[in-house]
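Worksheet: the structure to be examined is printed underneath.
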Amino acid sequence: MALLRNGRLADDPWIQISGESPVPEGEPVILDYERWLEEKDRLDGRNAPLGVRLASDQPPSLIADDLARFSLVALEFPKFADGRAYSYARLLRERLGFAGELRAVGNVLRDQFVFMERCGFDALEVHGGDPEAAYAAAKGEITHQYQPTGD
Amino acid sequence: MSVSPVYQVMTANRLTDGLAVYCRSDGSWSPDIALAAGAHDDAGREKLHLHGQQSAEDHHVVDPYFIDAVIADGLFEPVRLRERIRASGPTVALAALPSQAYAVGD
Amino acid sequence: MYQYRDIDRDFVRQRVEQFRDQVRRRLDGDLSEDEFKPLRLMNGVYLQLHAYMLRVAIPYGTLSSDQMRRLAHIARRYDKGFGHFTTRQNVQFNWPKLIDIPDILGELADVDMHAIQTSGNCIRNVTADHFAGVAADEVDDPRIYGEIIRQWSTLHPEFTFLPRKFKIAVTGSPADRAATRFHDIGLILRKGGESGDRIGFEVVVGGGQGRTPMVAKTIRDFVPEQDMLSYLEAILRVYNMLGRRDNKYKARIKILLHETGVEKFTQLVEDEWRHIKDGPLVLPVDTVAAIRADFALPPYQDAAAASDGFEPARVANPDFDLWVTRNVHAHKQPGYAIATVSLKPVGGIPGDATAEQMDAVADLADRFSLGEIRVSHEQNLVFAHVRRADLFALWQALQAIGLATANEGLVSDIIACPGLDYCALANARSIPVSQRISSLFDDMRKQHDIGELKIKISGCINACGHHHVGHIGILGVDRRGTENYQITLGGDAGPDANIGTIIGPGFDDDGVVAAVKTLIHRYLDIRDDGERFIDTFRRAGVRPFKEAVYGSA
């Protein structure tokens, strides 16, 4: 797995906390929504960046009031054909004014990179191959856009 | 009068041109169901199944699956109407003039 | 018609090269079939029963003679010499090779055509009234808005992986020749606003056929022109987020609307719209004006000159008169007419045209109809700008190529899906049934006596043959391995939108043809003067028809 940020391979300082694993002190962590909800009050005083991961049936309205707490929102594509997160991304950027990292996770394929970016994702968790080359190729394929988005 | 036993024939569509093709005993594929291999026991089915998997993995065919076929006039005939039409082409005349017919099954 | 700008041309070319690369990656094994499938579908490529199928968009049903010639060329060079015009203003080629498809798309791009979004879970080719721009009864030309929607929806990054396919139709006429109430969204042009003379739309949502047929509901009486795209975007966003993804048979917007309730659904759309209404999607007046200019009506001759010799020819030629009666329609411009070219020869395949016929139609369009051709959702072609003086010569020329059947709207003008002869999803054949029914009445005068009667045949529950809205609808199903056909009566795709009622147990192929004949004879027995089949059905109900077919209980 690799992380593309604005098309370049990037280090990923974020630790994704799965299940009941403990939350390490002083490290940037991404929690799933349920875990964050459980521990949100305790996490408030934490001295490290916080990220939240939303499943494809968890719209951003769930975190709208708490958005300022997050430096990162990860949106899941459980399969690439589940396109809900495209709308979520636009709402986060264009409606809720989220300016932190917006990360696409899950079944993130090169033929969708451009769609994701146009909806406001700036970080893509990708698998296999040469992601920078794939990104560059995908970006160059279609250069005209017919509709405004927040991009 | 004897009734033909039911055989399983492996079919798929060929990736490059989409034509319906049938698996032969050597694992190659033909648009002609007459050349297909028919399995009537688990060993035969397993062999065809593996051919199908391999050909799909080698991106030679798409979505291999088994159909039931019986022998009629010495040739395989699929049991289901859908597969009979798939094997022998539309039952209605093509709109094109015969002189323009284009070669199928090359 | 719309003239491609440089950006359109560059875009379509880039899209061809993108697909060429995707095909290469598929052939090389870099893409699995699961990954490739949505990519090919977004470019109109299906894998059907016998081969690949390529579905080419004819946006809002308008094409030029050069484009038609290119379709003929593709049919000849890459296929088996014919194409199939569909109920969604597309043309389908049944036998292209995957390895040829990038080249075919390149050939289409040469004439400003494409196959983008003719399939897949995205916003599909936008359809419109096939008489758009010239119909005597229209408020405005729906193609202007169809083109704007085409552009907005093309590779829309947010709406490319919707829960299910999404179809939009636009009509400018209250007669609704575009079946707008059976689309995911129907836009019905009207005048409104405070002054009552602004252009806008009634918006209807959640219509469709398939296994759960529904008539669309009006969610807003009037959306002003400049808000059209923001309103569409609001609907699509609500659907994208809330439409069901757990069951493909419940994934269309009609199910969301039904399960949510019209009131609540409307509220969700209105809430979303309020946020984006005055944003970047507001349609600039000059953008609309520029596209409107492309659709401006051509210079016409004065009425008297345009009509020369028309009436005498009618009187002298009863067969021509018959054709005019059915296939020729009132035009906005005095002296001109709209002529339907029937792709329903008695005993033929509905919607099919050979390459020769396509070429000939293109030549006739150049001679008689300003080089433009329409494709109707009823699978016919239309010449929209014919001088009445030219109708006779046009008719004679059409006769020579087998396209002068005087049957528009009659019993042999059958809509039929490709059915089990071609389609991987079908359960039963449609084409042979339509051929046999149309052959029941090969005496044209008998057909004219029967009058308007819309028969629509689908080979499976997906209802591509629109059986739910046929005056007589026929649905082919698979009953224990044999084809079985159910009959519905009373469907209507027009402004009196209605879903037909199943009359009873199904029939085999001989039985369904006999039953249709019986139904028609019963209609002839009980009709009042001047009553169409559908009127008789509405007046008398299903009972006399049921009794005729099944006997009295």
Side-chain angles (χ1 to χ4, degrees), chain A residues 54-62 64 75 77-97 104 106-121 127-130 133-134 137-151, chain C residues 5-22 25 30-32 34-39 41-42 120-122 148-163 229-230 232-233 236-243 245-246 272 275-276 279-282:
Chain A
L54 299 179
S56 64
D57 61 351
Q58 294 172 328
S61 54
L62 294 173
L75 299 176
F77 290 85
K79 46 186 184 181
F80 68 88
D82 183 339
R84 281 176 280 193
Y86 292 109
S87 289
Y88 299 165
R90 289 195 66 188
L91 289 178
L92 280 163
R93 288 290 193 222
E94 298 168 41
R95 179 91 29 97
L96 302 171
N107 196 196
V108 176
L109 303 176
R110 75 158 265 191
D111 292 291
Q112 283 83 52
F113 287 176
V114 172
F115 296 138
M116 289 174 178
E117 197 173 80
R118 291 206 58 213
C119 286
F121 289 100
H127 305 261
D130 178 351
K139 276 291 267 195
E141 284 172 352
I142 305 280
T143 52
H144 177 65
Q145 292 144 4
Y146 275 110
Q147 58 295 102
T149 57
D151 62 356
Chain C
R5 280 44 169 181
D6 287 344
I7 49 169
D8 298 305
R9 222 160 265 135
D10 292 345
F11 167 77
V12 171
R13 290 241 162 264
Q14 287 186 336
R15 183 72 172 162
V16 172
E17 292 315 310
Q18 182 188 43
F19 188 62
R20 193 184 298 282
D21 184 57
Q22 289 165 344
R25 285 156 56 208
D30 295 345
L31 287 171
S32 68
D34 280 351
E35 289 165 355
F36 180 60
K37 189 175 174 181
L39 304 176
L41 290 177
M42 288 272 292
N121 293 336
C122 52
I148 292 169
I149 295 167
R150 184 189 74 83
Q151 295 190 16
W152 161 78
S153 63
T154 296
L155 298 200
H156 195 302
E158 187 181 349
F159 304 133
T160 296
F161 294 97
L162 296 167
L229 291 183
S230 60
L232 291 177
E233 190 144 303
L236 265 296
R237 182 167 293 157
V238 167
Y239 171 57
N240 189 42
M241 295 201 294
L242 299 178
R245 291 175 188 264
D246 59 328
E272 179 57 38
H275 289 289
I276 58 175
L281 283 172
V282 172

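Hydrogens, waters and symmetry mates are skipped; everything else that's a heavy atom, side chains included, is used. Note that this is a predicted model, so its numbers are computed, not measured. Below, chain A is the first sequence line, B the second, and so on; all start at residue 1.
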So what's closer than 4.5 Å to chain A heavy atoms on [X]: side chain, backbone, both or neither?
{"X": "C/L31", "result": "side chain"}
{"X": "C/E17", "result": "neither"}
{"X": "C/N121", "result": "neither"}
{"X": "C/D246", "result": "neither"}
{"X": "C/L39", "result": "side chain"}
{"X": "C/P280", "result": "both"}
{"X": "C/R13", "result": "neither"}
{"X": "C/D30", "result": "neither"}

- Message: For the interface with chain A, which of C/E233, C/R25, C/M241, C/Q22 has the highest count of heavy-atom pairs at distances below 4.5 Å?
- Response: C/R25
- What option among C/R15, C/H156, C/R150 has the most heavy-atom pairs under 4.5 Å with chain A? C/H156
Does the ring center of [X] lie less than 6.0 Å from the ring center of [Y]?
{"X": "A/F115", "Y": "A/F80", "value": "no"}
{"X": "A/Y146", "Y": "C/F11", "value": "yes"}
{"X": "A/Y86", "Y": "A/F77", "value": "yes"}

- So which of A/A85, A/P59, A/A81, A/A89 has the biggest tally of heavy-atom pairs under 4.5 Å with chain C? A/A81
- Message: Can you tell me which of A/D82, A/N107, A/I142, A/D57 forms the most heavy-atom pairs within a distance under 4.5 Å of chain C?
- Response: A/I142
Any sub-3.5 Å donor-acceptor pair from [X]'s side-chain atoms to [Y]'s backbone N or O?
{"X": "A/Q147", "Y": "C/T154", "value": "yes"}
{"X": "C/R245", "Y": "C/N240", "value": "yes"}
{"X": "A/E94", "Y": "A/L91", "value": "no"}

- Decide, yes or no, whether a salt bridge links C/E35 with A/R110 under the criterion of side-chain N to carboxylate O below 4.0 Å. no
- Query: Do we see a donor-acceptor contact under 3.5 Å between the side chains of C/R237 and A/S87?
  - Reply: no
- Query: Does a donor on one side chain sit under 3.5 Å from an acceptor on the other, for A/T149 and C/E158?
  - Reply: no
- Honestly, the part of A/S56 sitting under 4.5 Å from a heavy atom of chain C is neither
- Item | Toward chain C, the part of A/L109 with a non-hydrogen atom under 4.5 Å | side chain
